[in-house]
Amino acid sequence: MTVMRGEALAALHRVFGYEAFRGEQEAVIEHVIAGGDAVVLMPTGGGKSLCYQIPALVRPGTGVVVSPLIALMQDQVDALRALGVRAGFVNSTQDFDERRVVEAEFLAGELDLLYLAPERLRLEGTLDLLSRGKISVFAIDEAHCVSQWGHDFRPDYLALSLLGERWPEVPRIALTATATHATHREITERLHMPQARHFVASFDRPNIQYRIVPKADPKKQLLAFLREEHAGDAGIVYCLSRNSVEKTAEFLTRNGIEAVPYHAGLDAGTRAAHQARFLREDGLVVVATIAFGMGIDKPDVRFVAHLDLPKSVEGYYQETGRAGRDGLPSTAWMAYGLGDVIQQRKLIQSGEGDESFRRRAHQHLDAMLALCETVRCRRGQLLAYFGQDPDPAGCGNCDTCLTPPETWDGTVAAQKVLSTVVRLQRERGQKFGAVQIVDILLGRRTAKVIQFDHDQLSVFGIGEELTEVEWRGVVRQLLAQGLLAVEGEYGTLVLTEASGAVLRREREVPLRKEPKKPVTSRSGGSGASGSGRGERKAAVAELPEALLPAFEALRAWRAEQAREQGVPAYVIFHDATLREIVTVWPTSVAELGGISGVGEKKLATYGEGVVAVLGSLGGPSGAAGGDGAEPDPGPEEEPGFEPEPEPDWA
Ligand code: ADP
Ligand code: ZN
């Protein structure tokens, strides 16, 4: 083992309290410590932060981290300081004096990590400051923000290419969770990193269960999903519009689920307050537009729900990826229906941008629709989209694997829909939306049908063999398959070039039957082995009953610590760490130090507190209501353990 590698491993153990590197981490870290540039593609929760934090700790100088997430810098820095890492940030939320302190620390070589917003690198003052200190590594986080086609484009990121010119000897590492080849190439080009080595991790998130349900009454469906599977859990609900964000948050709150709204129309203070509550409180739901979530590294988000269709698979993957960073079972749930397809197509048609922009937007949507309508493994489809090889046998932890949908021959049904569209246009010169088409097929004499004499059409009432829901399903799938298209601001239906083959009986149309019984996380699957009551939280699903009181006692202790220090609870310890603690039940501080996620600094700060909480419960069996006869062991004497001296910022 090289010296550097030994030092990296030592830092992993000592500072972070982790046993071993995960996946590509070791290779990335070794490469960067040796001075190489790296482009790192890892899914959310994959462990990107260590890839630059450890090189910053091992190499001489300060690691400079460029991140667009100003609102989260304070928490990131707090979390690092709780680990004993000398971290600071410079951004527009600070006043002059605060900034001066951090700058002075940087110049004095007293910082391991310095977080900067990208816009600061446009300022000559910042560049000048950086050139007067010693830099160990540049980390460019959320590197996909450099991509002009992406959904998170930040013009300031384009200026980051100058880092390599100005500091050619400092290694650069660009990191992102967005994995398509196009984005990957753009990052490499625009950041001018032709020499970089590329590290592409597996994009699978096995602990996330993917489910897409047919949309009927979405708010009620959401409520049932939350009540049955995620009572008391923290999660994010995504909606397309500000209005539906507000309404959904209200609806949940009225129904006993604490939820706060988040969208760009709220003032900055409210947004920050809601975000802070989400990070700090246990079990809060945020209902948000896509304005929310980038860089939110709350590890115990147990579900991400979509009430509207995301615009692209990339967006869907990023948003759902915010669930389950701690590796515990989590759910990505979406309600999707005909209205979504029409709405998204309309948005693209009437939106800004030139023809090529629209074409791309349609392609993105097509890929998203294919994911929604697939009869095969959703995870497999996602991985294939990102250019990775899925397990051909399926994942066993998505709705289509758990309850494989049936298909049926929808050729005749498709012909009926398409002929109705054709007749309206040829015989009447009219175009109508899906509602009218379905009413005609079902032979309904609605006011609008009578107004336009549509009961005189030969196709009137030819579709009584299917229900309204089923016809809407047919129309939706025809749209998704490109056999129908949406036009204009009213979302009228028109034929496509491919429609002709269906009408001429040259092409069959297999359609997906909607599953009758919805899948729940308890339907089985590798990622969700919870066995018990509906109200039991997913996070503790695998803990034996006898250990639950101890887990809850530690959470209560953690909440108090977090409140006192004004930091999110997970900055103290993650749920996963607390679970391991109650499972191992350490009786001494030294024993506690062997648990994953307990590094030196945390052991020194919280070790006695944790052991005291466990001691007061009287052992794992006592925790289940035992005798309480065990005396409180009190603080342990630990001869071999030297707490680190308090750094001067503490
Ligand atoms: P990303 O930035 O890629 O989304 P993070 O860096 O936030 O992911 O890491 C996700 C979670 O995994 C964090 O809780 C982190 O502490 C944990 N983690 C990262 N690397 C390791 C490791 N080698 N061993 C154990 N846990 C790890
Ligand atoms: Zn699957």
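Throughout, residue positions are numbered sequentially from 1 according to the sequence presented. Read the numbers this way: they start at 1 and go in the same order the structure lists the ligands and their atoms. Just so you know, these numbers come straight off a predicted model, no measurement behind them.
The ring of Y262 has its center no closer than 6.0 angstrom to the ring center of H274. Residues Y18 and H13 keep their aromatic ring centres 6.0 Å or farther apart. Here Y115 and F89 keep their ring centres 6.0 angstrom or further from each other. Aromatic ring centroids of H144 and H184 lie 6.0 Å or more apart.
Around the Zn ion (ligand 2), protein N, O or S atoms at less than 2.8 Å number 4.
Note that the CD atom of Q53 and the CG atom of L80 stand 4.5 Å from one another [nearest 0.5 Å].
There is a side-chain donor-acceptor pair under 3.5 Å between Y336 and E373.
Residues lining ligand 1 at a heavy-atom distance below 4.0 Å are given as Y18, A20, F21, R22, Q25, P43, T44, G45, G46, G47, K48, S49, L50, R325, H574, ordered by chain and residue number.
Evaluation of the ring-ring contact (aromatic ring centres under 6.0 Å, His included) test over residues 24-53, restricted to residues two or more places apart or in two chains, returns H31-F199. Applying the side-chain hydrogen bond (donor to acceptor under 3.5 Å, both in side chains) test to every pair with at least one member in residues 62-75, sequence neighbours left out, gives these pairs: Q74-D78, D75-R280.
K298 forms a cation-pi arrangement with F278, by the criterion of a distance under 6.0 Å to the ring centre and an angle within 45° of the ring axis.
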